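Computed from a predicted model, the values in this text were never measured in an experiment.
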Amino acid sequence: MADDLLIRLADEIRASKKTIALTGAGISVESGIPDFRSAGGLWSRYDPEEYAHIDGFHRDPVKIWNMLREIIAVIRAAEPNPGHCALAELEEMGYLSSVITQNVDGLHQAAGSRRVIEFHGSNRYLICLRCGYRGETEAFDTDATVPRCPQCDAVLKPDVVFFGEPIPGDAMREAFEEARQADLVLVIGTSAVVFPASSIPSTARDRGARVVEINLEETPLTGRISDYIIQAPAGEALPQVVALLRERLGGEE
Ligand code: APR
């Protein structure tokens, strides 16, 4: 582990007036949820143009549910990992203002994070595109059947953002407001290739913020937008950063 970068990050979090985190599927991989673009990721088995575009859902929702069923089952079995818990601890300590997540698995909230901006919606609810019905996913047996609207019988859709759909207005506004005010952005477990989430770090940097990546591999941000990258699993790096921060704060008492 690059200890000097972990120490540097702990010191920068301690000195920061407002730190935010932007997370992607990588932070949930250690919870057993495959990411999208790593080897063996979801998009190596399902073509996102076919399975994750809203036009595909309108065309053949029953087919899309073959993928959705698999994701929902994996999410249902998943628990927060030390990476999620470290971010919740950082918020508790008063050193993290918000988590802007592209994930729809609810694991940040399950770990105890209170200020979570779900930029791509959430699997927690199913919605009806025809009549506006909205219900808890857990109320439907998505393993056995394709969930249908109890009001108009249309096939329901998870309340997540498909390609070709807009980002929820509140999430967009809140996320970019946080980015404009942040002086430190932790970019964790995202390939940073999907817009507009991928422009959150540069929005902060344009206003003088520092940007630090925690990822297994480099991304298009590396060396251009981010000041440095801690190349390690989030579930290992984040707890170490929090422990180093605690050590320093302990010295202040
Ligand atoms: N720790 C840190 N980073 C990790 C880990 C880990 N344990 N495991 C994987 N990663 C990194 C990968 O190296 C990759 O850079 O996480 C990133 C995951 O990238 P993607 O699979 O592209 O996921 P994400 O960036 O969240 O995708 C963005 O694309 O398909 C859409 O809507 C979907 O929200 C998703 C968006």
Heavy-atom check, side chain of [X] versus side chain of [Y], under 4.5 Å:
X	Y	result
Val194	Phe163	yes
Ser97	Glu178	yes
Phe162	His53	no
Phe36	Ser44	no
Gln181	Lys17	no
Arg115	Val99	no
Tyr133	Ile127	no
Leu238	Leu87	yes

Do [X] and [Y] belong together in a cluster built from hydrophobic side chains that touch within less than 4.5 Å?
X	Y	result
Ile13	Leu249	yes
Leu42	Leu216	no
Ile33	Ile188	no
Tyr125	Val74	no
Val116	Leu107	no

Taking all non-hydrogen atoms of both residues into account, name the closest pair between [X] and [Y] and its distance.
X	Y	result
Arg224	Arg205	O-NE, 4.0 Å
Thr19	Tyr95	CB-O, 3.5 Å
Glu12	Val212	OE1-CG2, 3.9 Å
Tyr51	Met67	O-CE, 3.4 Å
Ala73	Asp143	CB-OD1, 4.1 Å
Pro201	Ser198	CD-O, 3.5 Å

Query raised in the report: Is the shortest distance from a Lys or Arg side-chain nitrogen in Glu165 or Lys157 to a carboxylate oxygen in the other one below 4.0 Å?
Result: yes

Report task. Run the salt-bridge test on Asp170 and Arg173 with the 4.0 Å N-O cut-off and return the result as yes or no. Result -> yes

Quick one: does [X]'s side chain have a donor or acceptor within less than 3.5 Å of a partner on [Y]'s backbone?
X	Y	result
Arg210	Leu184	no
Asn81	Gly235	no
Trp65	Thr145	no

Query raised in the report: When Ile, Leu, Val, Met, Phe, Trp and Tyr are grouped by side-chain heavy atoms lying under 4.5 Å apart, directly or through other members, which residues fall in the same group as Phe195?
Result: none

Report summary line: Going by chain and number, the hydrophobic cluster around Met172 (ILVMFWY, side chain to side chain under 4.5 Å) further includes Ile20, Leu22, Ile100, Ile117, Phe119, Val161, Ile167, Phe176, Val185, Val187, Ile200, Val211, Leu221, Ile225

When you check the side-chain N and O atoms of [X] and [Y], is any donor under 3.5 Å from an acceptor?
X	Y	answer
Thr23	Gln102	no
Ser28	Asp105	yes
Asp159	Ser122	no
Ser113	Glu91	no
Glu70	Tyr46	yes
Glu79	Ser31	no
Gln240	Glu236	no

Could you work out, with salt bridge (charged side-chain N to carboxylate O under 4.0 Å, His left out) as the rule, every residue matching [X], not counting sequence neighbours?
X	value
Glu218	none
Arg207	none
Glu118	Arg124

In Å and rounded to the nearest 0.5 Å, what is the [atom1] to [atom2] distance from [X] to [Y]?
X	Y	atom1	atom2	value
Cys131	Leu156	SG	CG	8.0 Å
Asp60	Asn66	CG	CG	8.5 Å
Ile71	Thr142	CD1	OG1	11.0 Å
Ile229	Thr222	CD1	OG1	4.0 Å
Ser98	His108	OG	NE2	10.5 Å
Lys63	Glu50	NZ	CD	3.5 Å

Report task. Scan residues 33-43 for pairs that pass side chain to side chain donor-acceptor pair (under 3.5 Å), counting only residues two or more places apart or in two chains. Result -> Asp35-Ser38

Query - Residue pair Thr137, Asn123: steps toward the side chain to side chain donor-acceptor pair (under 3.5 Å) verdict - result: CA-CA 7 Å; Thr137 304; Asn123 252 320; 5.4 Å; no

Query raised in the report: For atom CZ of Arg59, is the number of surrounding heavy atoms from other residues, nucleotides or ligands below 6.0 Å larger than 12?
Result: no

Query - Criterion side-chain contact (heavy atoms from CB on, under 4.5 Å) on Arg114 and Glu92, from CA distance to verdict - result: CA-CA 9 Å; Arg114 289 192 302 278; Glu92 185 61 36; 3.3 Å; yes

Query - Chi angles and distances behind the side-chain contact (heavy atoms from CB on, under 4.5 Å) call for Leu9, Leu186 - result: CA-CA 9 Å; Leu9 182 52; Leu186 312 180; 3.7 Å; yes

Requested in this report: Please lay out, stage by stage, how Asp11 and Leu244 fare under the test side-chain contact (heavy atoms from CB on, under 4.5 Å).
Outcome: CA-CA 8 Å; Asp11 288 338; Leu244 287 163; over 6 Å; no

Query raised in the report: Is there a side-chain contact (heavy atoms from CB on, under 4.5 Å) between His120 and Val160 once you walk through the steps?
Result: CA-CA 6 Å; His120 289 162; Val160 303; 5.8 Å; no

